[in-house]
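By convention in this document, chain letters (A, B, ...) are assigned in the order of the sequence lines, proteins followed by strands, and residues within each chain are numbered from 1. In what follows, every heavy atom counts, from backbone to side chain, and hydrogens, waters and symmetry copies are set aside. Computed from a predicted structure; not experimentally measured.
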Number of protein chains: 2
Amino acid sequence: MRKISKAVITRLPRYYRYLDELIQQDVERVSSKELSDMMNVTASQIRQDLNNFGGFGQQGYGYNVKYLYDEIGKLLGLDVTHKMIIVGAGNLGQAIANYGNFRNRGFEITALFDKNKDLIGKKTVNGTEIRDISTIIDYVKNENIEIVALALPKGPATDIAEKLVECGVKAFWNFAHTDLGFSDDIIVENVHLSESLMKLTYRISEKANKNK
Amino acid sequence: MRKISKAVITRLPRYYRYLDELIQQDVERVSSKELSDMMNVTASQIRQDLNNFGGFGQQGYGYNVKYLYDEIGKLLGLDVTHKMIIVGAGNLGQAIANYGNFRNRGFEITALFDKNKDLIGKKTVNGTEIRDISTIIDYVKNENIEIVALALPKGPATDIAEKLVECGVKAFWNFAHTDLGFSDDIIVENVHLSESLMKLTYRISEKANKNK
DNA sequence: TAGATTGTTAATCGATTAACAATC
DNA sequence: TAGATTGTTAATCGATTAACAATC
């Protein structure tokens, strides 16, 4: 299989979302042209993207919605369970824990961790316990945690992440305002909120300058 | 000025972040080569990117860190104040309101809105009041709000956004799990958390398959 | 002046779009 | 069978990298 580009991978979850909507509308089949109209991308691109992974469609028919949805789900690793913990039980950590759909899609959030004694053992978030961050290393080892969400400031996030890498964690969902500089075999998916907001304000100023 | 590509715009906040770190380390000048080593991009790309906007450097010297930082800040619209409200005062809305640095960077969060009577008028987040969502239209008109952050489920988010567009809002920071299908003069910056997480699990499965 | 490093042009690479034969 | 639409090759477009003259 040839190397899949980042651009293609970024589009997969979006296809998945639109297919989910079609399923909810009881739509059984869809052509690349129909999907292209809904999603504002070219039909050509949809067909190219999908054919990176295999022939999911059928000439003269199009794509079976449910089948394509399931296949993309498999590509995205949503057919297996992922054990995840959240480090940092502030608003952001709690928001992640509460993001309802995650559980339905095979994500199992087994614990949150924080250093705040007022939270540890005293509060649950969506039924999940908040544990003492000093116990995280043993926990991760024993529970075979696959994904660690980092919802705490960059200093402590970097420290914790380094320790966790040493004990075998291979995937981080990083909300801290820094790039964790690990080697390529450690997967880091960044969510840099402030950078997203800056893209927004860039576009605002760009528009303002145009109207001058 | 020629059309700036999305890829370039996405990189600007990242340059900005690294320059900020250099300032904090009292570094005065930096060459594209040095920056390229720090950031894992090519020096050529840095020079190309910056030259879309003007000659910020000096041959034989490199770039003055503070000057370049300020110039990129201006490009990103961070030299002016942006009035923003947050719709949805759940964990995510509160997390956004508490994201400390926003205020320092010229973002003024003037209110949160929610439909939950237990929150309205009863709680403040980082000093900001939670208001009744039924009052949002008048508020936005009177207060001249520029950016609306949508931190609520897709159904209500879509409804509210449509009403707000009618009364003149031009920019949304959208955390709802949907693409708001507005015309091009409405700026929408999406933060699709679940799609980010799926990119992560894609990479996990990809790696697992490779090792088979 | 010599050395360093930008700004910028040209070359390469990769991604998107167009076109159409294959085939359901 | 005829019509529709995919899968796939070829053409185009755009973004990244390389190279080097300009210049501080």
Base of dT5(C) paired with side chain of Glu34(B) (donor-acceptor, under 3.5 Å): no

N/O donor-acceptor pair under 3.5 Å between Asn190(B) side chain and His192(B) backbone: no

Atom pairs under 3.5 Å, N or O on each side, protein against nucleotides 12-14 of chain C: can you list them with distances?
none

Any residue of residues 6-29 of chain B with a heavy atom less than 4.0 Å from an atom of DNA chain C: Arg29(B)

Below 4.0 Å: OP1/OP2 of dT16(C) and any side-chain N or O of Ser44(A): no

Atom-pair distance (CG on Asp49(B); P on dG7(C)), nearest Å: 12 Å

Pairs satisfying salt bridge (charged side-chain N to carboxylate O under 4.0 Å, His left out), at least one member in residues 49-69 of chain B, at least two apart: Arg11(B)-Asp49(B), Lys66(B)-Asp70(B)

Counterpart residues, side chain to side chain donor-acceptor pair (under 3.5 Å), relative to Tyr139(B) (two or more places apart): Thr110(B)

Sequence neighbours excluded - salt bridge (charged side-chain N to carboxylate O under 4.0 Å, His left out) pairs with any residue from residues 18-46 of chain B: Lys154(A)-Glu21(B), Asp20(B)-Arg105(B), Lys33(B)-Asp37(B)

Side chain Gln48(B) and base dT8(C) donor-acceptor under 3.5 Å: no

Check: Asn142(A) main-chain N/O paired with Asp138(A) side-chain donor or acceptor under 3.5 Å: no

Between Asn126(A) and Thr128(A): side-chain donor-acceptor atoms closer than 3.5 Å: no

d(CD, Gln45(A); C1', dT6(D)) in whole Å: 16 Å

Ser31(B) (side chain) donor-acceptor with Gly62(B) (main chain) under 3.5 angstrom: no

Distance in angstrom units between Leu68(A) CG and dT5(D) P, rounded: 16 Å

Could you list the donor-acceptor pairs under 3.5 angstrom formed between side-chain atoms of residues 80-91 of chain B and any protein atom two or more places apart in sequence or on another chain?
from: His82(B); atom 1: ND1; to: Glu146(B); atom 2: OE1; distance (Å): 2.5
from: His82(B); atom 1: NE2; to: Gly77(B); atom 2: O; distance (Å): 2.7
from: Lys83(B); atom 1: NZ; to: Glu143(B); atom 2: O; distance (Å): 2.9
from: Asn91(B); atom 1: OD1; to: Asn98(A); atom 2: ND2; distance (Å): 2.8

Arg47(B) side-chain N/O to dG7(C) phosphate OP1/OP2 under 4.0 Å: no

All side chain to side chain contact (heavy atoms under 4.5 Å, CB included) counterparts of Arg47(B), not counting sequence neighbours: Ser32(B), Ala43(B), Tyr63(B)

Consecutive Watson-Crick or G-U pairs in runs of at least 3, all under 3.5 Å, in which DNA chain C is involved: C:3-24 with D:3-24

Of all pairs that satisfy salt bridge (charged side-chain N to carboxylate O under 4.0 Å, His left out), the ones with a partner from residues 171-184 of chain A, not counting sequence neighbours: Asp179(A)-Arg14(B), Asp179(A)-Arg17(B)

Distance in angstrom units between Asn51(B) CG and dT17(D) C1', rounded: 15 Å

Integer-rounded Å distance: dT6(C) P and Asn64(B) CG: 13 Å

Look for any protein N or O under 3.5 Å of an N or O in nucleotides 21-24 of chain D and output each such pair with its distance, or none.
from: dC24(D); atom 1: O3'; to: Gln58(B); atom 2: OE1; distance (Å): 3.1
from: dC24(D); atom 1: O2; to: Gln59(B); atom 2: O; distance (Å): 3.3

Any pair counted as ring pair (Phe, Tyr, Trp, His ring centres under 6.0 Å), so long as it reaches residues 140-187 of chain A, sequence neighbours left out: Phe102(A)-Trp173(A), Phe172(A)-Phe182(A), Trp173(A)-Phe175(A)

Leu50(B) CG to dT5(C) P, straight-line distance once rounded to whole Å: 16 Å

Spacing between Lys33(A) atom NZ and dA4(D) atom P, to the nearest angstrom: 14 Å

Protein-nucleotide distance (Ile46(B), atom CD1; dT6(C), atom P), rounded to Å: 9 Å

Option passing ring pair (Phe, Tyr, Trp, His ring centres under 6.0 Å) with Tyr69(B) (candidates Phe56(B), Tyr18(B), Tyr16(B)): Tyr16(B)

Side-chain N,O (Tyr63(A)) to OP1/OP2 (dG7(D)) below 4.0 Å: yes

Minimum heavy-atom distance between Gly93(A) and Leu112(A), given as atom pair plus value: O-CD2, 4.0 Å

Non-neighbouring partners of Lys74(A) that pass side chain to side chain contact (heavy atoms under 4.5 Å, CB included), sequence neighbours left out: Glu71(A), Asp79(A)

Any Thr42(A) side-chain nitrogen or oxygen under 4.0 Å from OP1 or OP2 of dT17(C): yes

